[in-house]
Amino acid sequence: MRTGYCGEFSARDAGREVELCGWVHRRRDLGGITFIDLRDRSGLIQLIFNPNQGEAHRLARALDREDVIQVKGIIGKRAAGNINPNLPTGEIEVEVRELRLLNKARPLPFQIQDEVEAREETRLEYRYLDLRRPRMRWNLLLRHKVILEIRKFLDARGFIEVETPMLTRSTPEGARDYLVPSRTFPGRFFALPQSPQLFKQILMIASFDRYFQIARCFRDEDLRADRQPEFTQLDLEMAFVSQEEILALVEELVCHLFREALGQELERPFPRLNYQEALARFGSDKPDLRFGLEIREASDLFAGSAFRIFRETVERGGLVAGLAAPGCARYSRRELEELERLAKGLGAKGLVSLKLAAEGVESAIAKFLSPELVAALRERFQAGPGDLILLVADEPRRAREALGGLRLELGRREGLISGGWKLLWIVEPPLFELDEQGNITSTHHPFTMPKAEDLGLLEREPLAVRADAYDLVLNGAEIAGGSIRIHRRDLQGRIFKLLGLSEAEAEEKFGFFLRALEYGAPPHGGIAFGLDRLVMLLAGAESIREVIAFPKTLTAYCPLTGAPAPVKESQLEELGIELRKESPARGAA
RNA sequence: GGGGGCGUGGUCUAGUGGUCUAAGAUGCCUGGCUGUCAACCAGGAGGUCGGCGGUUCGAAUCCGCUCGUCCCCGCCA
């Protein structure tokens, strides 16, 4: 039907007779001579219609944007003055002899150009048009390349891709499940997998040794710019492997992907930061290392100070800490109030700011600050005249996270965030943390191996136990997380018990898995990448919806198909389901 | 569950109590034009200002509710 893609011809093809197909990108009708930019997935090529080509010329003048056509013609070199340097095919054009209209297009809801932004809802409703834009095509092509290179890389290292079920069993903890009712077992439900975690561990027990999967995962939680109800993980797992071996392999993989997808070289090994240190220095377990502004502690300086609120916070075991923003003493009262509002929004009780002058300091708490204390603060924060010191006093975790949020905001405001790629590992996170109700929950997941040297603390001081777990952070976003897994039945039982799961409950929920551990489970571990997030970062996009062909809105609605949609009464009957009340659904069944 | 932004011809935006009988760009339609490439020139059509209710002599503009959408917190082992 066609000789090739529009964008693939060049001056070398001059004189060739070609057949081309594609969409009418734009038409420029000069009355006699008429030009059409013909577009396909490869790019544009200019078609020229001369009045002496009677029929083709007449037809061409009636074409509209996005009409689908097929042309036959001769590739010609353009005269020097007619070359378009902005177009890869700008040196040539096709002198059309025959034109066939393959399909008409209606007037468009929005224009197909990268520069013209339509409302996202409209873009999603007409996603097939949106995806014709070069930017979107490039994003999906990048995604394809990344997935292809993942498969090549892992295949070359002996990994086997195995698919795991989408219809599986709901397990406690974690996110809310998407449920699928069973027809053959009325009243029972499948759950869509939140991740293939247990299946991949079972594959290790089944001696596959090296597994991976580009796996779709489902979590029914509220969405964000970097979260969709269904998303894709690169999931991988290895047996008889140390944490070092996993990290080394993942680093190689990430370097490979950057090289193949972006032509960028990364430095190895990636730096590592202990979880506690990341929190102390950056107020985050996924620090953005593209800029400094590190948090410094000042509890010792305020322990005996005249400022009662800080002194008492320290006496109660709290933390006084802060960060120094170079040159920000110029901030207005309003800007400082904005920062305080942000800090309070992040849980801090307040925010104290010190504007450093050539002599002394301007601050609401200035009268409580002795000259010695001011000098000590300048020293501690390496700050001088013109700089701004922001201080928070609170329970340590809360103070650090508030400062972490302020650090990001200041980095953005001051334009400190440089380009480039800052990767790092966050290692040795705590195995457990407390939830809102004060119950012990897994930081990572309940199958994570505690650090061997902390095993003795497990029952005695569980919150002090560190995990053999690791997160990979890129420019302040978590892109992968993994761990060495528990492979012994007895240890897994102890963990479940600590999590408040009775022997009976553990058997009921995880019996199949606990049994598998009893039949010769090898030591194993792995990692899972948030593929959408990784591709988003590589594409320089602000939202993972830009790298997903058919994403959903924040309310998990699909404007293209109208899903979710009501179903017929008879379908519900088959499933033994009765709706409690008429739901205010959009659209009808 | 909570906080915030947005919603104005097909699309993107301006307008924040009367001067709005709603402006501009783009798209669309008609005519002109033989070297354009975001073609150009001339003319034209196209709007219940998301919806409902209220305040007011008067509402795109203020208030309440509601729907949609986006961002953030909670949530996401």
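The model shown is predicted, which means the values in this text are computed figures rather than measured ones. Letters A, B, ... mirror the listed sequences (proteins, then strands); counts begin at 1. Below, all heavy atoms of this structure are taken into account, side chains as well, without hydrogens, waters or symmetry copies.
Using P as the reference atom, G24(B) and G46(B) are 15 Å apart when rounded to the nearest Å. On the P atoms, C29(B) is 35 Å away from C71(B), given to the nearest whole Å. For A59(B) and G17(B), the C1' atoms lie 7 Å apart once the distance is rounded to whole Å. With C1' as the reference atom, A45(B) and C28(B) are 9 Å apart, rounded to whole Å. Rounded to whole Å, the separation between the C1' atoms of G44(B) and G53(B) comes to 39 Å. Between G32(B) and A22(B), the two P atoms lie 31 Å apart (nearest whole Å). When the P atom is used for both U16(B) and C75(B), the distance is 42 Å, rounded to whole Å. If you take atom C1' in A23(B) and the same atom in A60(B), they sit 13 Å apart, rounded to whole Å.
Taking the centre and axis of the six-membered ring of Phe291(A), the NZ or CZ atom of Arg407(A) falls inside the cone set by 45° and 6.0 Å.
No side-chain donor from either of Gln276(A) and Arg400(A) sits under 3.5 Å from a side-chain acceptor of the other.
Rounded to whole Å, the distance from CG on Leu342(A) to P on G3(B) is 18 Å. Rounded to whole Å, the distance from CZ on Arg176(A) to P on G74(B) is 15 Å. Between the P atom of C6(B) and the CD atom of Glu120(A) lies a distance of 18 Å, rounded to the nearest Å. Across the protein-nucleic acid pair, Leu554(A) atom CG and C67(B) atom P stand 16 Å apart, rounded to whole Å. Rounded to an integer number of Å, the gap from Glu401(A) CD to C73(B) C1' is 12 Å. Rounded to an integer number of Å, the gap from Gln113(A) CD to U26(B) P is 12 Å. Residue Gln111(A) contributes atom CD, which lies 14 Å from atom P of A25(B) at whole-angstrom precision. The CG-P distance, from Leu129(A) to C12(B), rounds to 14 Å in whole Å.
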Please list, for nucleotides 45-49 of chain B, all pairs of protein and nucleotide N/O atoms separated by less than 3.5 Å.
none

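A donor-acceptor pair under 3.5 Å is formed between the side chain of Ser42(A) and the backbone N or O of Gly7(A).
Salt-bridge formation is detected for the pair Asp29(A)/Arg27(A): a Lys NZ or Arg NE/NH1/NH2 atom is positioned less than 4.0 Å from an Asp or Glu carboxylate oxygen. In summary, Glu428(A) and Arg466(A) engage in a salt bridge, as defined by a charged side-chain N under 4.0 Å from a carboxylate O. Salt bridge status for Glu66(A) with Arg132(A): present, with a side-chain N to carboxylate O gap under 4.0 Å. Electrostatic pairing of Lys77(A) and Glu93(A) does not count as a salt bridge here, judged by no charged N lying under 4.0 Å from a carboxylate O. In this structure, Lys200(A) pairs ionically with Asp235(A), as a charged nitrogen and a carboxylate oxygen lie closer than 4.0 Å. Note on Arg123(A) versus Glu120(A): no salt bridge recorded, every NZ/NE/NH1/NH2 to OD/OE distance being 4.0 Å or above.
Remark: G7(B) base-pairs with C67(B); criterion is Watson-Crick or G-U wobble with both hydrogen-bond distances under 3.5 Å. The partner of G35(B) is absent, by the rule that a Watson-Crick or G-U pair needs both atom distances under 3.5 Å. Taking a pair to require two hydrogen-bonding distances under 3.5 Å in either a Watson-Crick or a G-U wobble arrangement, C62(B) pairs with G54(B). When both pairing distances are held under 3.5 Å, G44(B) makes a Watson-Crick or G-U pair with C28(B).
Of the candidate nucleotides U11(B), G68(B), A38(B), G68(B) has the atom nearest to the side chain of Glu121(A). Among the nucleotides C71(B), U11(B), U8(B), the one closest to the side chain of Arg119(A) is U8(B). For Arg545(A), taking side-chain heavy atoms from C-beta onward, the closest of the listed nucleotides G10(B), C71(B), C37(B) is C71(B).
Non-hydrogen atoms lying under 4.0 Å from RNA chain B are contributed by Arg219(A), Glu221(A), Asp222(A), Arg224(A), Ala225(A), Arg227(A), all within residues 214-233 of chain A.
Each of Gly345(A) and Gln197(A) has a nearest nucleotide on RNA chain B; the 5'-most of these lies closest to Gly345(A).
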Listing, residues 341-349 of chain A side-chain donor-acceptor contacts under 3.5 Å, not counting sequence neighbours, or none:
from, atom 1, to, atom 2, distance (Å)
Lys349(A), NZ, Asp394(A), OD1, 2.9

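Closest non-hydrogen pair, Leu293(A) versus Gly411(A), comes out as CD1-N, 4.0 Å. A pairwise comparison of heavy atoms in Ala556(A) and Pro229(A) identifies CB-CG, 4.1 Å as the closest pair.
If you check every strand for non-hydrogen atoms under 4.0 Å, Thr448(A) touches nothing. Contact annotation for Ser442(A): backbone-only contact, meaning every heavy-atom pair under 4.0 Å involves sugar-phosphate atoms and none involves a base.
Applying the ring-ring contact (aromatic ring centres under 6.0 Å, His included) rule to pairs touching residues 492-514 of chain A yields Phe447(A)-Phe510(A), Phe447(A)-Phe513(A), Phe496(A)-Phe510(A), sequence neighbours excluded.
With sequence neighbours left out, Asp222(A) forms a salt bridge (charged side-chain N to carboxylate O under 4.0 Å, His left out) with no residue at all.
One finds no side-chain N or O of Arg106(A) lying less than 4.0 angstrom from the OP1 or OP2 phosphate oxygen of G27(B). Regarding contacts with the backbone of G68(B), every side-chain N or O of Thr555(A) stays at 4.0 angstrom or more from both OP1 and OP2.
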> What string of B, S and - do you get for nucleotides 28-36 of chain B, 5' to 3', when a contact is any protein heavy atom under 4.0 Å?
Replying inline: SS---BBBB
